[in-house]
Amino acid sequence: MESEVFGYNAPMIELNKQPYREYVELLEELRRDESARDWVAFDKVVADGRGTYDANEQERARVVHVLYVDPGDDLDLVRFLLDQEIAARRADSFQGAGDVLTMLSLRLLVLGDASDDDIWRFWSAKCANFDTLAGGYDIEFVFAQRPYDEVRQLVQARGTAKNVAFFDKYDGDAIVSDLPAWRTRLVRNYPTSLADFTYQDAASWAELFGDTETYEHYSLLLAGTAQDRANLYRRLERFDAAVDQWRLAAEAATTDWDRAAMLQRLISDAAQVPIHALEEVAQLDALRPNVAEWNDVGLGRMATQACYELAAATRDASAGPTIWKTAERWRKDLSSFTLVGLQAAVAAAEKWGEPYELEALRQAVRAEQARINELLG
């Protein structure tokens with residue numbers, strides 16, 4: 001499939017252009033020089049707030065995507081990359097499965113020899129973490145090349161009793177009978193030719209490679225609603241454009257709850273620009289009585305925090321105090337408020353509040369932090 005992307009017929013993704021060309025060249029280097037594999041090998045990192053992760057995960061993912069549409073006689077490299085991906089999935093604190101496991105497994109099905117080691121790779125990928133076990137990785141890979149009994153014997157010989165017990169939960173006959181349909185689905189979902197790419201394929205590639213222009217282009221073609229476009233612009237950190245789309249989404253909303261949710265997101269993104277959005281704050285204020293349990297649910301707390309953030313961000317001396325006072329009135333009606341919300345309130349009070357209001361909020365922050373510390377022990 002081709003698309004008129006920039007006024008002429010061109011592939012949706014062009015590997016001879018950056019940022020893709022860099023990974024075409026890296027793949028060529030990996031094919032030539034085995035010592036270059038360190039660039040895409042599993043590299044365990046532990047960081048506060050992120051836990052354990054693989055420093056080379058993104059580099060490897062980009063190389064694998066290029067390899068998938070530029071296949072060669074890469075059996076040894078594919079095995080190496082799959083081993084690295086399995087190690088990464090096991091170690092990552094946030095787990096996950098992902099397309100890279102599937103793409104490498106598909107290449108191994110094509111290039112491999114159905115050896116015990118390869119079947120064990122498929123089973124290891126399935127057992128890598130909770131998400132792969134729960135369906136993020138297809139069990140069909142395990143049964144795609146060898147009879148059920150042979151695969152079971154392999155799992156029994158190399159695995160633990162727990163491995164075997166888990167394996168025995170599968171209906172091998174049913175899985176094997178579905179293999180042709182499964183292969184058809186994978187061919188459709190993972191095209192090996194750029195010419196067969198859909199808009200979604202192009203957007204996914206562009207996002208992975210950091211090609212913002214192409215990602216926005218195809219994502220906008222896929223975005224069917226103002227809310228979809230607003231979420232896209234938010235991901236792109238184009239908050240002014242997101243605000244315009246949230247406004248349209250609010251106008252299109254069919255319930256007071258949905259309209260209030262769109263306005264809350266508008267106000268939150270307006271604080272990033274900043275745009276004072278005083279009219280939208282007033283609209284949300286008028287909607288509050290129509291939203292059931294506003295004071296007890298997350299929407300009320302998120303809207304109040306967004307209002308504080310907007311008050312702290314705005315430079316408009318006429319809008320700022322009004323937004324600040326509105327947020328204060330909302331907060332006092334809430335059944336509870338978060339530490340992050342209170343911190344946003346302090347920032348707004350430093351700009352628009354009276355000294356006694358600022359001190360009261362600072363005390364509230366200290367009290368909430370103390371309560372959290374006590375809960376954490």
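We use all heavy atoms of the structure for the numbers below, so side chains are in, but hydrogens, waters and symmetry mates are not. No experiment lies behind these values; they were computed from the predicted model shown. Residue numbers count from 1 along this sequence.
The cluster map of Ile, Leu, Val, Met, Phe, Trp and Tyr, joined by side-chain heavy atoms under 4.5 Å apart, puts Phe42 and Leu104 in different clusters. Cluster annotation: Val187 and Val110 are assigned to distinct hydrophobic clusters (Ile/Leu/Val/Met/Phe/Trp/Tyr, side-chain heavy-atom contacts under 4.5 Å, transitive). Linking Ile, Leu, Val, Met, Phe, Trp and Tyr residues whenever their side-chain heavy atoms come within less than 4.5 Å leaves Val45 and Trp39 in two separate clusters. In terms of hydrophobic clustering, with Ile, Leu, Val, Met, Phe, Trp and Tyr side chains grouped at heavy-atom distances under 4.5 Å, Leu248 and Trp257 are assigned to different clusters. Note on Val340: it does not cluster hydrophobically with Ile372, by side-chain heavy-atom contacts below 4.5 Å among ILVMFWY residues.
A side-chain donor-acceptor contact under 3.5 Å links Asn373 to the backbone of Gln369. Distance alone, capped at 3.5 Å, is enough to place a donor-acceptor pair between the Asn56 side chain and the Ala41 backbone. Remark: side-chain polar atoms of Asn231 are paired, donor with acceptor, to backbone N or O of Gln227 under 3.5 angstrom. Remark: side-chain polar atoms of Lys126 are paired, donor with acceptor, to backbone N or O of Tyr137 under 3.5 angstrom. In this structure, the side chain of Thr314 does not engage the main chain of Gly320 through any donor-acceptor pair within 3.5 Å. Panel note: side chain Arg146, backbone Ala114; a donor-acceptor pair is recorded below 3.5 Å. Looking at Arg259, its side chain never comes within 3.5 Å of a backbone N or O of Glu251 through a donor-acceptor pair. The closest donor-acceptor contact from the side chain of Asp74 to the backbone of Gly72 lies under 3.5 Å. Under the 3.5 Å distance criterion, the side-chain polar atoms of Asp201 are matched with a main-chain donor or acceptor of Thr198. A distance-only check finds no donor-acceptor pair linking the side chain of Gln272 to the backbone of Phe239 [under 3.5 Å].
Counting heavy atoms from C-beta on, the side chains of Arg288 and Arg329 come closer than 4.5 Å. Counting heavy atoms from C-beta outward, Asp54 and Arg60 have side chains that approach closer than 4.5 Å. Side-chain contact between Arg362 and Glu350 is present, with at least one heavy-atom pair separated by less than 4.5 Å. The closest side-chain heavy-atom distance from Trp324 to Glu357 is below 4.5 Å. At least one side-chain heavy atom of Pro19 sits under 4.5 Å from a side-chain heavy atom of Asp211. Within the 4.5 Å cutoff, no side-chain heavy atoms of Leu287 are placed close to those of Trp294. Put simply, the side chain of Leu266 reaches to within 4.5 Å of the side chain of Val243, judged on heavy atoms. Within the 4.5 Å cutoff, side-chain heavy atoms of Phe141 are placed close to those of Leu106.
Counting Ile, Leu, Val, Met, Phe, Trp and Tyr side chains that sit under 4.5 Å apart, directly or through other members, Tyr215 shares a hydrophobic cluster with Leu220, Leu232, Tyr233, Leu236.
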For residues 298-305, tabulate all N or O donor-acceptor pairs below 3.5 Å that involve a side-chain atom, not counting sequence neighbours.
from   : atom 1 : to     : atom 2 : distance (Å)
Arg301 : NH1    : Ser336 : OG     : 3.4
Thr304 : OG1    : Gly300 : O      : 2.8
Gln305 : NE2    : Glu309 : OE2    : 2.9

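In terms of the side-chain contact (heavy atoms from CB on, under 4.5 Å) criterion, Asp149 has no residue partners (sequence neighbours excluded). For Arg62, the salt bridge (charged side-chain N to carboxylate O under 4.0 Å, His left out) test picks out Glu59, with sequence neighbours left out. Annotation: salt bridge (charged side-chain N to carboxylate O under 4.0 Å, His left out) contacts of Arg121 (sequence neighbours excluded): Asp83, Asp118. Every residue meeting the side-chain contact (heavy atoms from CB on, under 4.5 Å) condition with Ala181, not counting sequence neighbours, appears here in chain and number order: Asp178, Arg185.
If you check the side chains of Thr212 and Glu216, you find no donor sitting under 3.5 Å from an acceptor. There is a side-chain donor-acceptor pair under 3.5 Å between Trp120 and Ser124.
For the pair Asp196 and Arg188, the salt-bridge criterion is not met [side-chain N within less than 4.0 Å of a carboxylate O]. Remark: Arg158 engages Asp117 in a salt bridge, criterion side-chain N to carboxylate O under 4.0 Å. Salt-bridge formation is detected for the pair Asp113/Arg79: a Lys NZ or Arg NE/NH1/NH2 atom is positioned less than 4.0 Å from an Asp or Glu carboxylate oxygen. The pair Glu28-Arg31 fails the salt-bridge criterion, with no side-chain N (NZ, NE, NH1 or NH2) lying under 4.0 Å from an Asp/Glu carboxylate O.
For Arg331 and Tyr308, the positive end is not near the middle of the six-membered ring at less than 6.0 Å and at most 45° from its axis.
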Which is it for Leu30 and Phe80 under the side-chain contact (heavy atoms from CB on, under 4.5 Å) test, yes or no, and what are the steps along the way?
CA-CA 11 Å; Leu30 291 169; Phe80 169 80; over 6 Å; no
Could you walk me through whether Asp316 and Leu278 pass the side-chain contact (heavy atoms from CB on, under 4.5 Å) check?
CA-CA 10 Å; Asp316 190 315; Leu278 186 58; over 6 Å; no
Passes side-chain contact (heavy atoms from CB on, under 4.5 Å), Gln84 versus Arg37? Steps please.
CA-CA 10 Å; Gln84 305 311 301; Arg37 291 181 179 182; over 6 Å; no
Between Val151 and Phe167, does a side-chain contact (heavy atoms from CB on, under 4.5 Å) hold up when you go through it step by step?
CA-CA 10 Å; Val151 177; Phe167 182 91; 3.6 Å; yes
Could you check Asp99 against Thr102 for side chain to side chain donor-acceptor pair (under 3.5 Å), going step by step and ending with a plain yes or no?
CA-CA 5 Å; Asp99 291 333; Thr102 297; 5.5 Å; no
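With a 6.0 Å radius and a threshold of 12 heavy atoms from other residues, nucleotides or ligands, Asp33 has its CG atom above the threshold. The 12-atom threshold is not exceeded at NZ of Lys325, counting heavy atoms of other residues, nucleotides or ligands nearer than 6.0 Å.
Under the 30°/60° scheme for interplanar angles, the aromatic rings of Trp205 and Tyr20 are found to be tilted. In this pair, Tyr148 and Phe143 present their aromatic rings parallel. The plane angle is below 30°, not in the 30 to 60° band.
With values rounded to the nearest 0.5 angstrom, His65 atom NE2 is found 13.5 Å from Leu27 atom CG. From Arg234, atom CZ reaches atom CH2 of Trp246 across 5.0 Å, with rounding to the nearest 0.5 Å. Here the CG atom belonging to Leu108 is positioned 4.0 Å from the CZ atom belonging to Phe122, to the nearest 0.5 angstrom. Remark: Asp171 CG to Ile139 CD1 distance equals 11.5 Å, nearest 0.5 Å. Interatomic distance, CG of Leu101 versus CG of Leu81, reported as 11.5 Å (0.5 Å rounding). To the nearest 0.5 angstrom, Cys127 atom SG is 10.0 Å from Ile86 atom CD1.
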